[in-house]
Amino acid sequence: MASKLTIGVLASGSGTNLQAIIDATETGRIDADVRVVISDVPEARALTRAREHGIPAIAIERKQSVSKSEFENRIVDAMKEHGVKLVCLAGYMRIVGKTMLSSFPNRIINIHPTLLPSFPGLEGQRQAFDYGAKVAGCTVHFVDELTDHGPIIKQAAVEVREDDTAETLQKRILAEEHRIYPEAIQLYAKGRLTVEGRRVRIAGR
Ligand code: GRF
């Protein structure tokens with residue numbers, strides 16, 4: 001059997017996307033293992049979720065380091081100690097800096113709750129709703145030096161209904177996030193992704 005892709009997840013909050021990834025590894029829907037979960041927020045639910053599944057869970061706070069690069073070096077060291085090949089951001093509420101990017105070139109991916117390039121930044125679902133968008137959605141993309149910007153791996157569209165509130169819309173988008181994030185990881189695990197400039201080619205489609 002081919003060896004599994006080793007993943008490290010970085011999360012700051014509730015970790016429902018982390019949960020979707022863990023569930024997909026446990027049910028064999030993706031050929032990957034979550035080796036470590038790291039959070040910059042010690043009380044993040046994401047860390048508890050990891051522990052509930054026997055996955056090493058580590059809190060690394062920004063304030064424990066004098067500089068961003070020192071902070072990121074600690075994250076990189078922990079990821080490497082656990083043999084991580086792909087870093088998955090799942091509700092990680094910080095901008096990824098040069099240290100992490102250069103340590104994992106084209107090996108960091110993120111999920112954003114809008115159809116990028118629309119509505120980058122915080123509370124994208126609410127931004128889309130307030131803007132009056134008729135179609136919302138979510139995006140899995142490689143991380144580059146700009147926020148919510150790197151080459152797109154997968155997107156899912158979610159129709160905005162007449163009776164939606166920002167909250168009901170967010171809930172339906174989140175359900176799609178939980179579907180496409182594991183799917184994108186599986187494409188990576190199977191070696192099917194090639195980045196050509198802004199375009200991500202998917203082999204065998
Ligand atoms: C998700 O909406 C994700 O798209 C965004 O942050 C949220 C994290 O949610 N980047 P959770 O922690 O995975 O529940």
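In listed order, ligands and their atoms are each counted from 1. Fair warning: this is a prediction, and the values are worked out from it, not measured in the lab.
- Tested against Asp40, the residues Arg94, Arg62, Arg74 include a single salt bridge (Lys or Arg N to Asp or Glu O under 4.0 Å) partner, Arg94.
- Residue contacts with ligand 1: Asn17 is placed with a nitrogen or oxygen under 3.5 Å of a nitrogen or oxygen of the ligand (distance criterion only).
- With a 6.0 Å radius and a threshold of 12 heavy atoms from other residues, nucleotides or ligands, Glu123 has its CD atom at or below the threshold.
- Taking 4.0 Å as the cut-off, Ala11 does not count as a neighbour of ligand 1 on heavy-atom distance.
- Cation-pi check for Lys80 over Phe104 is met; the charged atom lies under 6.0 angstrom from the ring centroid and within 45 degrees of its normal.
- Ranking protein heavy atoms by distance to atom 10 (N) of ligand 1, first place goes to Ile111 O, 3.0 Å.
- In this structure, the protein non-hydrogen atom closest to atom 7 (C) of ligand 1 is Gly91 CA, 4.2 Å.
- Nearest to atom 14 (O) of ligand 1 among the protein's heavy atoms is Thr16 OG1, 2.5 Å.
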* side-chain hydrogen bond (donor to acceptor under 3.5 Å, both in side chains) assessment of His178 paired with Gln19 -> CA-CA 8 Å; His178 297 164; Gln19 189 69 55; over 6 Å; no
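- For Glu183 and Lys154, the salt-bridge test passes: some basic side-chain N is under 4.0 Å from an acidic carboxylate O.
- Looking from atom 1 (C) of ligand 1 to the surrounding protein, the closest heavy atom is Glu177 OE1, 3.1 Å.
- For ligand 1 and Gln125, the ligand atoms under 4.0 Å from any heavy atom of the residue are 2 (O).
- Protein heavy atom nearest atom 12 (O) of ligand 1, with residue, atom name and distance: Gly15 N, 2.8 Å.
- For Arg49 and Glu52, the salt-bridge test fails: no basic side-chain N is under 4.0 Å from an acidic carboxylate O.
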